Amino acid sequence: MSPAAPRPSVLFVCVHNAGRSQMAAAFLTHLAGAEVEVRSAGSAPADSVNPAAVAAMAEAGIDITAETPKVLTTEAVQASDVVITMGCGDTCPVFPGKRYLDWQLDDPAGQGVDAVRPTRDEIEQRVRGLLVELGITATA
């Protein structure tokens, strides 16, 4: 990415913003550093991040213990170049000119860390692919 190009902004959205979108945002932040503006939100946010997602990410060397689920806002969508949904259906507002991707991933809600690991690994691979599409070299 050239220095003159604006930094892309990516928003990850799932229903509870407690598992998939939190893991995706953490991977993108970890791998892209300051090259990408990263947001995550949920259409019906949970009270806290899924402990199994926290544990699975810790195994990957990424600490998400300080993260909290956030409510999806129209402003967050409008401020993003790429919106990646993960099972939030029609609740995500759609605006012209935005790039939308829908990642079909197993919902880790109510699952133990053993069940979350494959989803975590798939998210990491998809985030790495997204970086390639954005023309950004992963830092890790």
Side-chain angles (χ1 to χ4, degrees):
M1 205 166 125
S2 71
R7 176 169 86 129
S9 176
V10 177
L11 170 64
F12 294 101
V13 182
C14 66
V15 176
H16 301 298
N17 189 221
R20 295 166 292 184
S21 56
Q22 290 284 353
M23 290 189 287
F27 271 123
L28 186 54
T29 299
H30 179 72
L31 295 170
E35 295 294 312
V36 178
E37 184 177 1
V38 182
R39 296 179 179 87
S40 72
S43 52
D47 293 330
S48 61
V49 175
N50 180 337
V54 172
M57 291 303 287
E59 291 176 355
I62 300 173
D63 181 4
I64 62 170
T65 56
E67 298 301 323
T68 56
K70 294 165 278 309
V71 69
L72 176 65
T73 64
T74 300
E75 293 76 23
V77 176
Q78 288 175 316
S80 301
D81 300 309
V82 181
V83 179
I84 300 174
T85 57
M86 304 171 178
C88 68
D90 297 332
T91 60
C92 187
V94 175
F95 293 97
K98 304 292 176 197
R99 180 171 173 212
Y100 290 88
L101 301 171
D102 185 42
W103 290 358
Q104 296 295 320
L105 297 162
D106 291 335
D107 187 349
Q111 303 292 316
V113 71
D114 289 342
V116 174
R117 283 186 193 109
T119 301
R120 173 203 63 201
D121 295 344
E122 185 175 347
I123 288 170
E124 180 181 7
Q125 291 311 307
R126 288 181 186 223
V127 166
R128 287 182 180 278
L130 178 65
L131 284 171
V132 171
E133 290 175 30
L134 293 173
I136 295 170
T137 303
T139 59

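What you see is a predicted model, and the numbers here were worked out from it, not measured in a lab.
A 6.0 Å sphere centred on CG of Asp106 holds no more than 12 heavy atoms belonging to other residues, nucleotides or ligands.
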*Decide side-chain contact (heavy atoms from CB on, under 4.5 Å) for Val77 and Tyr100; before the verdict, give the C-alpha distance in whole Å, the side-chain angles of both, and the deciding distance to 0.1 Å.*
CA-CA 10 Å; Val77 176; Tyr100 290 88; 3.6 Å; yes
_For Leu130 and Ile84: C-alpha separation, side-chain torsions, deciding distance, then whether side-chain contact (heavy atoms from CB on, under 4.5 Å) applies._
CA-CA 10 Å; Leu130 178 65; Ile84 300 174; 3.6 Å; yes
*Would Leu101 and Arg126 count as a side-chain contact (heavy atoms from CB on, under 4.5 Å) if you check the C-alpha gap in whole Å, the side-chain angles of each, and the deciding distance to 0.1 Å?*
CA-CA 11 Å; Leu101 301 171; Arg126 288 181 186 223; over 6 Å; no
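Within the structure, every pair that satisfies the salt bridge (charged side-chain N to carboxylate O under 4.0 Å, His left out) test and touches residues 130-140, not counting sequence neighbours, is listed here: Arg99-Glu133.
A search for side chain to side chain donor-acceptor pair (under 3.5 Å) contacts involving Thr65 returns Asp63, not counting sequence neighbours. Among residues two or more places apart in sequence or in another chain, the side chain to side chain donor-acceptor pair (under 3.5 Å) test is passed with Arg117 by Glu59, Asp114.
Here the side chain of Asn17 pairs a donor or acceptor atom with the backbone of Lys70 at under 3.5 angstrom. Of the possible polar contacts, none joining the Ser80 side chain to the Val10 backbone as a donor-acceptor pair under 3.5 Å is found. Although no hydrogens or angles enter the test, the distance criterion places a donor-acceptor pair under 3.5 Å between the side chain of Arg20 and the main chain of Leu105. Panel note: side chain Arg120, backbone Met23; no donor-acceptor pair is recorded below 3.5 Å.
Closest approach of Ala32 to Thr139, counting heavy atoms only: N-OG1, 4.3 Å. For the residue pair Gly110 and Asn50, the shortest heavy atom distance occurs at N-ND2, 4.4 Å. Annotation for Ile62 and Ala26: closest pair CG2-CB, 3.8 Å, computed over non-hydrogen atoms. When all heavy atoms of Phe12 and Val127 are compared, the pair lying nearest together is CZ-CG2, 4.4 Å. Across Ala18 and Ala53, no two heavy atoms sit closer than the pair O-CB, 4.1 Å.
Note that CD1 of Ile64 is 9.5 Å distant from CZ of Phe27, once rounded to the nearest 0.5 Å.
A donor and an acceptor atom, one from each side chain of Ser9 and Arg39, are located under 3.5 Å apart.
Between Glu124 and Arg128 there is a salt bridge, since a side-chain N of the basic residue sits under 4.0 Å from a carboxylate O of the acidic one.
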